[in-house]
Amino acid sequence: MKRVCVLGSTGSIGTQALEVCEALGYPVAGLAARSSVRLLAEQAERFRPQAVCVFDPEAYGELTALLGHMDIELLCGMEGLCRLAALPECDIVLNAVVGMVGLQPTLAAIQAGKPLALANKEALVTGGRLVMDAAREKGVPVLPVDSEHSAIFQSMQGNTVSQVKRILLTASGGPFYGKSRQELENVTVEQALRHPNWSMGAKITIDSATLMNKGLELMEACWLFDRRPEEIEILVHRESVIHSLVEYVDHAIIAQLGVPSMKIPIQYALTYPDRYPCPVERLSLADCGGLTFGRPDEDTFQCLRACKEAMSRGGLFPALVNGANEEAVSLFLEGRIPFLKIGELVSSALTLDGGKTDFTLEDVLSADQSARAFVRSCL
């Protein structure tokens with residue numbers, strides 16, 4: 001039995017993680033959310049953690065009003081998030097916050113020697129070298145929670161990284177697969193939020209629509225599995241049944257299949273190396289019918305190409321394209337820029353200075369702010 005700290009507990013991954021913990025009988029040591037105070041308070045009442053954090057300082061007063069009667073440590077801001085990630089009562093940290101904000105608590109958990117179940121891909125995208133170097137130094141496992149990276153991780157069990165020839169990273173293609181740039185000129189926010197297979201938060205859903213999400217996942221996979229970008233192929237698989245594949249030097253390909261449910265990878269990260277029954281629907285291959293595969297259109301979906309270029313260049317370029325994307329997605333959701341402008345802005349961020357390779361956390365944070373400022377200057 002492991003005591004779990006869930007960062008991002010009110011989001012899609014976080015709420016499912018709590019359901020998994022409840023089914024496993026795992027106690028919850030800590031909970032954190034950005035600003036959904038009422039749901040966070042309900043979760044605290046239900047799971048009775050040692051500490052609760054709200055990232056938005058303006059929401060802290062409401063949190064204390066709702067939970068002040070309970071014997072729970074109440075925290076806020078980035079300092080509180082990092083304090084929660086290093087909580088002594090915690091055995092494993094599940095980081096499911098969205099965006100660049102996840103980097104510092106990731107490092108805090110590792111420095112405290114906590115095994116990390118990582119659903120926050122931006123931590124590795126922006127600070128992959130810092131995270132993986134710290135994990136090696138501390139001897140802390142970084143266990144993937146994203147369905148694709150969990151599939152790769154599962155498909156590598158019993159083998160070594162040196163035996164891997166390439167990784168096949170699957171993509172649903174999002175709601176606009178097969179569309180031309182002309183067809184996407186007037187895409188609305190509502191249309192972009194209609195993902196065909198997965199139920200996710202707004203930012204991740206937009207990233208899926210632009211294929212930025214797959215670019216981020218490619219960069220994440222490079223760090224998790226010690227691969228170069230050219231050793232990872234993006235494969236569009238509309239049915240989301242095969243979650244990713246690994247090809248070995250003998251050309252054997254091993255894949256992990258399942259229904260499109262995040263509970264399976266969440267549970268595997270929490271219980272690894274053991275497996276337990278999981279409350280999800282069983283996959284019936286007979287009912288699936290055909291499984292299809294295709295290549296992504298990098299001319300239409302520019303974010304994917306920009307991410308590949310950023311990872312190939314290295315240094316702070318991944319942090320720059322990530323920061324530009326986060327800012328651009330926010331502007332799109334606010335109705336201030338058109339859909340295709342996201343990819344244009346992310347690609348343009350590669351013109352910024354990101355060549356520094358011996359970087360610190362402060363350098364990553366500075367690059368992120370520079371990219372956001374650049375995007376705002378383009379309005």
Side-chain angles (χ1 to χ4, degrees), residues 2 4 6-26 28 39 43 46-47 92 94-98 116-121 143-157 168-175 177 193-209 213-214 216-217 220-221 224 235-246 254-293:
K2 300 174 185 176
V4 183
V6 182
L7 310 183
S9 65
T10 60
S12 176
I13 299 296
T15 53
Q16 291 180 82
L18 291 177
E19 291 174 12
V20 168
C21 288
E22 196 166 37
L24 291 170
Y26 281 12
V28 176
L39 178 54
Q43 292 174 340
R46 181 173 181 177
F47 291 96
I92 184 169
L94 192 151
N95 187 348
V97 303
V98 176
L116 188 67
L118 190 60
N120 172 252
K121 57 180 63 67
L143 302 164
V145 172
D146 273 351
S147 61
E148 295 84 357
H149 300 92
S150 177
I152 296 164
F153 182 60
Q154 294 181 60
S155 297
M156 291 178 67
Q157 298 305 302
L168 298 168
L169 189 67
T170 58
S172 71
Y177 178 64
L193 288 173
R194 293 175 195 155
H195 194 281
N197 300 334
W198 296 90
S199 175
M200 305 175 291
K203 193 266 182 184
I204 298 175
T205 305
I206 300 301
D207 283 351
S208 179
N213 200 45
K214 210 50 52 178
L216 296 176
E217 289 176 4
E220 185 182 6
L224 283 170
L235 188 66
V236 177
H237 171 55
R238 297 292 283 164
E239 296 80 11
S240 296
V241 170
I242 299 175
H243 298 299
S244 276
L245 314 89
V246 176
I254 297 177
Q256 185 263 326
L257 289 71
V259 296
S261 170
M262 284 304 301
K263 287 185 179 179
I264 296 173
I266 290 169
Q267 178 169 298
Y268 190 64
L270 293 179
T271 66
Y272 177 80
D274 298 318
R275 290 184 184 270
Y276 297 96
C278 189
V280 299
E281 181 183 351
R282 292 180 62 187
L283 173 65
S284 170
L285 288 172
D287 292 339
C288 283
L291 300 178
T292 60
F293 306 94

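Separating the CD atom in E217 from the CD1 atom in I152 is a distance of 8.5 Å, to the nearest 0.5 Å. Expressed to the nearest 0.5 Å, how far CG of L193 lies from OG1 of T205 amounts to 6.0 Å. Of the inter-residue distances, the one linking S240 atom OG with L257 atom CG reads 11.5 Å to the nearest 0.5 angstrom. The OH atom of Y26 sits 5.5 Å away from atom OG1 of T271, with the distance rounded to the nearest 0.5 Å. The line from CG of L235 to CD1 of I242 is 8.0 Å long, rounded to the nearest 0.5 Å. Note that OG of S244 is 13.5 Å distant from CD1 of I254, once rounded to the nearest 0.5 Å.
The shortest heavy-atom contact between Q256 and A151 is OE1-CB, 3.3 Å. Residues A269 and A117 share a closest heavy-atom pair of CB-CB, 3.9 Å. Considering every non-hydrogen atom in both L291 and F293, the closest pair reads O-CE1, 3.7 Å. Summarising the geometry of Q157 relative to Y272, their closest heavy-atom pair is OE1-OH, 3.4 Å, with the distance given to 0.1 Å. Summarising the geometry of H243 relative to P260, their closest heavy-atom pair is CE1-CA, 4.1 Å, with the distance given to 0.1 Å. Taking both residues in full, the closest heavy atoms of S172 and S208 are given as OG-OG, 4.1 Å, listed atom of the first, atom of the second, then distance.
Heavy atoms from other residues, nucleotides or ligands lying under 6.0 Å from CD of E281 number 12 at most.
Q267 has its side chain within reach of L24: a pair of non-hydrogen atoms, C-beta onward, lies under 4.5 Å apart.
Within the 3.5 Å criterion, the main-chain N or O of E220 finds no donor-acceptor partner in the side chain of H149. Proximity of a side-chain donor or acceptor of K263 to a complementary backbone N or O of C278 within less than 3.5 Å is not detected. Under the 3.5 Å distance criterion, the side-chain polar atoms of R238 are matched with a main-chain donor or acceptor of G174.
Under the side-chain contact (heavy atoms from CB on, under 4.5 Å) test applied with S9, the options L18, V4, T15 reduce to a single match, L18. Of the residues listed (V98, V97, D146), the one engaging N120 in a side-chain contact (heavy atoms from CB on, under 4.5 Å) is V97, and it is the only one.
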### Query
Taking it one step at a time, do K121 and N213 satisfy side-chain contact (heavy atoms from CB on, under 4.5 Å)?
CA-CA 9 Å; K121 57 180 63 67; N213 200 45; 3.4 Å; yes
### Task
Test V145 against L118 for side-chain contact (heavy atoms from CB on, under 4.5 Å), laying out the working first.
CA-CA 5 Å; V145 172; L118 190 60; 5.6 Å; no
### Task
List the steps and the verdict of side-chain hydrogen bond (donor to acceptor under 3.5 Å, both in side chains) for S150 and Q154.
CA-CA 6 Å; S150 177; Q154 294 181 60; 2.9 Å; yes
### Query
Going through the checks in order, is the side-chain contact (heavy atoms from CB on, under 4.5 Å) test met by K214 and L169?
CA-CA 8 Å; K214 210 50 52 178; L169 189 67; 4.0 Å; yes
### Query
Passes side-chain contact (heavy atoms from CB on, under 4.5 Å), I13 versus L94? Steps please.
CA-CA 10 Å; I13 299 296; L94 192 151; 4.2 Å; yes
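Under the 3.5 Å distance criterion, with hydrogens and angles disregarded, no donor-acceptor pair is assigned to the side chains of T170 and E148.
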